[in-house]
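For reference, the structure is listed below as structure tokens.
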Amino acid sequence: MSHWIIAPVVLPALLAPLIGYVMRHDIVLARVASAAGTVALFLIALGLAFWAADGGTHVYRLGDWPAPFGIVLVLDRLSALMVLLTASLALIVLWHAIATGWDAKGRHFHALFQFQLMGIFGAFLTGDAFNLFVFFEVLLIASYGLMVHSGGKVRLQAGLQYLVMNLAGSTLFLFALGTMYATTGTLNMADLAVKVPLIPADEGAMVRVAAVLLLIVFMIKAALFPVQFWLPGTYANAPAPVAALFAIMTKVGAYAIIRLHTLAYGPQSSPTAGLVEEWLFPAAMVTVALGAIGVLAAKRLMPLLSFSVIGSMGTLMLAVAPQDPYATETALYYLVHSTFSAAALFLMADLVITRRGTDTLSVRPPLLQNGLFAALFFAGAIAMAGMPPLSGFLGKLLILDALRDPDLMPWAWSGILIGSLVTIVGFARAGSMLFWKSTAASVPEGAEPIDAEPRPAPATAAEVGPTVTLLALLAALAVLAGPATEYMRAAGTQLFEPEGYIDAVLAPVEKPEGLDPLKADAPDLHAEEEH
């Protein structure tokens with residue numbers, strides 16, 4: 001048993017209170033500690049990914065208690081991929097926050113940032129449904145603090161809406177856990193995978209209720225129709241580095257659907273067979289449409305990007321809905337792509353909005369680095385819309401190839417292709433307003449020219465670097481699509497062959513010789529006490 005599996009949870013859990021209580025008045029010290037911790041998390045995540053690449057399932061039992069009685073953390077290809085994705089994104093977002101000074105606008109940014117990472121890593125590594133709920137609550141509290149970072153009435157209102165919606169989801173989560181435990185007697189995911197398929201279909205009404213409640217909860221986290229309405233206001237009003245980090249938040253919901261509804265409530269379980277496709281596919285279709293329409297209709301840059309995230313989540317969940325290894329492989333590839341592309345757009349938006357003074361899509365004077373910002377914007381737009389040559393094009397092609405079932409193909413192909421067209425038109429409209437249109441027509445006769453407004457300083461290499469890095473990762477994901485899809489294929493296959501996961505988690509714990517009182521040759525402790 002390797003203690004490295006618990007390190008992504010323990011390290012930020014220790015670092016966050018240290019920064020919050022000891023370093024909150026010294027921004028330099030807080031930056032050094034937070035950056036060092038995030039770099040260490042990235043290196044640990046990289047090591048865990050290499051370790052999981054062997055195809056094994058590695059289990060960490062807290063207190064050495066055997067499952068399903070004890071708490072377990074589980075590392076396989078999927079959880080290792082999500083941990084590495086989160087660590088990579090966190091490092092880039094932290095770089096941007098420090099370079100632009102966003103972290104200095106509140107005393108507790110770095111402490112909340114580390115607590116947020118703790119919750120996300122824990123959600124990806126836990127092997128127990130109740131502890132998934134616990135880590136959801138940790139990341140919810142931290143994300144609310146980050147959401148209202150630097151204050152403001154509008155931000156507080158959006159944060160309150162976000163908090164209320166997610167608390168409602170948490171309540172449903174508790175109902176689902178109670179129903180699940182009442183029907184199966186366990187909340188361990190591997191144990192659920194053993195017990196749920198044994199329940200006859202005609203006796204599985206409560207199991208189906210629990211599965212539906214869980215699906216609704218995870219749909220809230222993933223911002224799928226009809227519970228997606230919290231996301232535009234939240235992401236549009238959050239600080240841009242926080243919105244970029246939130247690009248992984250919706251993927252927590254997607255991961256939970258993939259993990260739990262493949263392992264315990266998948267096609268092999270007669271009470272819940274067909275449940276995910278029945279509910280998820282139509283919800284994902286509507287989500288794609290809403291995202292594309294929102295991008296086209298948006299009048300501000302941040303809401304436009306927020307709706308593009310909704311559309312990308314719909315596309316992702318279209319690939320998750322069929323519940324087969326190949327579709328899941330394509331979903332995982334697109335998951336990585338959509339996370340990086342959304343984060344790149346939000347970080348780019350921060351650079352542009354800071355220098356324009358507004359995120360309204362209106363005619364303004366050209367920026368000092370107008371060509372650079374235009375290039376970054378359209379590169380991110382091409383990636384998000386799924387146009388060549390970046391990884392979004394390959395990701396959508398893979399998803400289209402996976403959705404060739406005659407019952408799904410007409411709807412899925414139409415939704416993805418039309419949604420992509422509408423999205424790129426919306427981005428093109430926004431880009432022309434931001435970077436290309438002349439300001440002459442917008443200046444009333446006799447008024448002072450807009451060009452007379454003072455211009456902020458140009459962006460430094462350190463400020464532009466995080467956005468460029470994310471776009472470079474998207475290019476690398478396209479160039480290395482072969483090895484990347486091989487890993488995703490192995491992860492998808494491992495998901496749909498859960499015997500290895502179940503055996504590893506439920507394996508009995510071997511006690512050292514002489515420490516198990518149930519063995520005949522164990523020392524008689526009571527006799528020694530009497531003696």
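We use all heavy atoms of the structure for the numbers below, so side chains are in, but hydrogens, waters and symmetry mates are not.
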Self-check item: Nearest non-hydrogen partners of Ala123 and Leu132, listed with the distance
Solution: O-CD1, 3.7 Å

Quiz prompt | Polar side-chain atom of His96 near backbone of Met348 as donor-acceptor pair, under 3.5 Å | solution = no

Exercise. Name all pairs fulfilling the side-chain hydrogen bond (donor to acceptor under 3.5 Å, both in side chains) condition that reach into residues 164-181, sequence neighbours left out, sorted by first residue then second.
Key: Glu137-Ser170, Asn166-Lys221

Quiz item: Can you pull the side-chain hydrogen bond (donor to acceptor under 3.5 Å, both in side chains) pairs that have at least one residue in residues 115-129, sequence neighbours excluded?
Solution: Asp128-Asn131

Quiz item: What do the steps show when you test Leu214 against His261 for side chain to side chain contact (heavy atoms under 4.5 Å, CB included), and what is the final call?
Solution: CA-CA 9 Å; Leu214 283 174; His261 285 80; 4.0 Å; yes

Quiz item: How would you list all residue pairs meeting side-chain hydrogen bond (donor to acceptor under 3.5 Å, both in side chains) that involve residues 230-255, not counting sequence neighbours?
Solution: Tyr255-Arg259

Quiz item: Excluding sequence neighbours, so at least two apart, what forms side chain to side chain donor-acceptor pair (under 3.5 Å) with Gln161?
Solution: none

Quiz item: Taking everything shown except Phe378 itself, do over 12 heavy atoms lie less than 6.0 Å from its CZ?
Solution: yes

Practice problem: Could you pull out the closest heavy-atom pair between Met317 and Ala254, with the gap in Å? | Solution: SD-CB, 3.9 Å

Practice problem: List the steps, then state whether side chain to side chain contact (heavy atoms under 4.5 Å, CB included) holds for Thr86 with Phe121. | Solution: CA-CA 8 Å; Thr86 304; Phe121 287 135; 3.8 Å; yes

Quiz item: Does a side-chain heavy-atom distance below 4.5 Å link Met488 with Val336?
Solution: yes

Quiz item: With a 4.5 Å heavy-atom cut-off, do Val72 and Arg61 have their side chains touching?
Solution: yes

Quiz item: Would Val309 and Leu345 count as a side chain to side chain contact (heavy atoms under 4.5 Å, CB included) if you check the C-alpha gap in whole Å, the side-chain angles of each, and the deciding distance to 0.1 Å?
Solution: CA-CA 10 Å; Val309 171; Leu345 283 169; over 6 Å; no

Self-check item: Those residues that, when tested against Phe173, pass ring-ring contact (aromatic ring centres under 6.0 Å, His included) (two or more places apart)
Solution: Phe133, Phe136, Phe218

Quiz item: Can you find a heavy atom in the side chain of Met302 that is under 4.5 Å from one in the side chain of Phe346?
Solution: yes

Quiz prompt | Residues which pass ring-ring contact (aromatic ring centres under 6.0 Å, His included) with His58, listed by chain and number, not counting sequence neighbours | solution = Trp51

Quiz item: So, Lys396 side chain and Ala385 main chain: donor-acceptor pair closer than 3.5 Å or not?
Solution: yes

Self-check item: Donor-acceptor pair, side chain of Arg429 and main chain of Leu296, under 3.5 angstrom
Solution: yes

Exercise. May I ask you to decide if the ring planes of Phe109 and Phe113 are parallel, tilted or perpendicular, using 30° and 60° as cut-offs?
Key: parallel

Quiz item: How would you list all residue pairs meeting salt bridge (Lys or Arg N to Asp or Glu O under 4.0 Å) that involve residues 336-347, not counting sequence neighbours?
Solution: none

Practice problem: Would you sort out whether Met180 and Tyr265 count as a side chain to side chain contact (heavy atoms under 4.5 Å, CB included), showing the intermediate values? | Solution: CA-CA 11 Å; Met180 187 190 310; Tyr265 299 116; 3.3 Å; yes

Practice problem: Provide the closest heavy-atom pair for Ala264 versus Met189 in the form atom of the first, atom of the second, distance. | Solution: CB-O, 4.5 Å

Quiz item: Excluding sequence neighbours, so at least two apart, what forms salt bridge (charged side-chain N to carboxylate O under 4.0 Å, His left out) with Arg24?
Solution: none

Exercise. Tell me, please, which residues at least two apart from Phe435 pass ring-ring contact (aromatic ring centres under 6.0 Å, His included).
Key: Phe377

Quiz item: Can you find a heavy atom in the side chain of Phe42 that is under 4.5 Å from one in the side chain of Leu84?
Solution: yes

Quiz item: Do Thr460 and Glu463 have side chains that get closer than 4.5 Å, going by heavy atoms?
Solution: yes

Quiz item: Any chance CZ of Phe229 has more than 12 other-residue heavy atoms, nucleotides or ligands included, within less than 6.0 Å?
Solution: yes

Quiz item: Any side-chain heavy atom of Leu335 within less than 4.5 Å of one from Thr339?
Solution: yes

Quiz item: Which atom pair, heavy atoms only, marks the closest approach of Val295 to Gly426?
Solution: CG1-CA, 3.9 Å

Quiz item: According to the side-chain hydrogen bond (donor to acceptor under 3.5 Å, both in side chains) rule, which pairs have a member within residues 30-42, sequence neighbours left out?
Solution: Arg31-Asp103, Ser34-His110, Ser34-Gln114, Thr38-Gln114

Exercise. Could you list the residues that satisfy ring-ring contact (aromatic ring centres under 6.0 Å, His included) with Tyr333, not counting sequence neighbours?
Key: none

Quiz item: Does some side-chain heavy atom of His3 sit less than 4.5 Å from a side-chain heavy atom of Tyr60?
Solution: yes

Quiz item: Are Ile92 and Leu473 side-chain neighbours, meaning at least one heavy-atom pair lies under 4.5 Å?
Solution: yes

Self-check item: Flag, side chain of Gln494 to backbone of Asp76, donor-acceptor distance under 3.5 Å
Solution: no

Practice problem: Mark yes or no for whether Ser341, through its side chain, and Gly380, through its backbone, hold a donor-acceptor pair below 3.5 Å. | Solution: no

Exercise. Under the side chain to side chain donor-acceptor pair (under 3.5 Å) rule, collect the residues that match up with Thr315, sequence neighbours excluded.
Key: none

Quiz prompt | Separation between CG of Leu81 and CZ of Phe124, rounded to the nearest 0.5 Å | solution = 9.0 Å

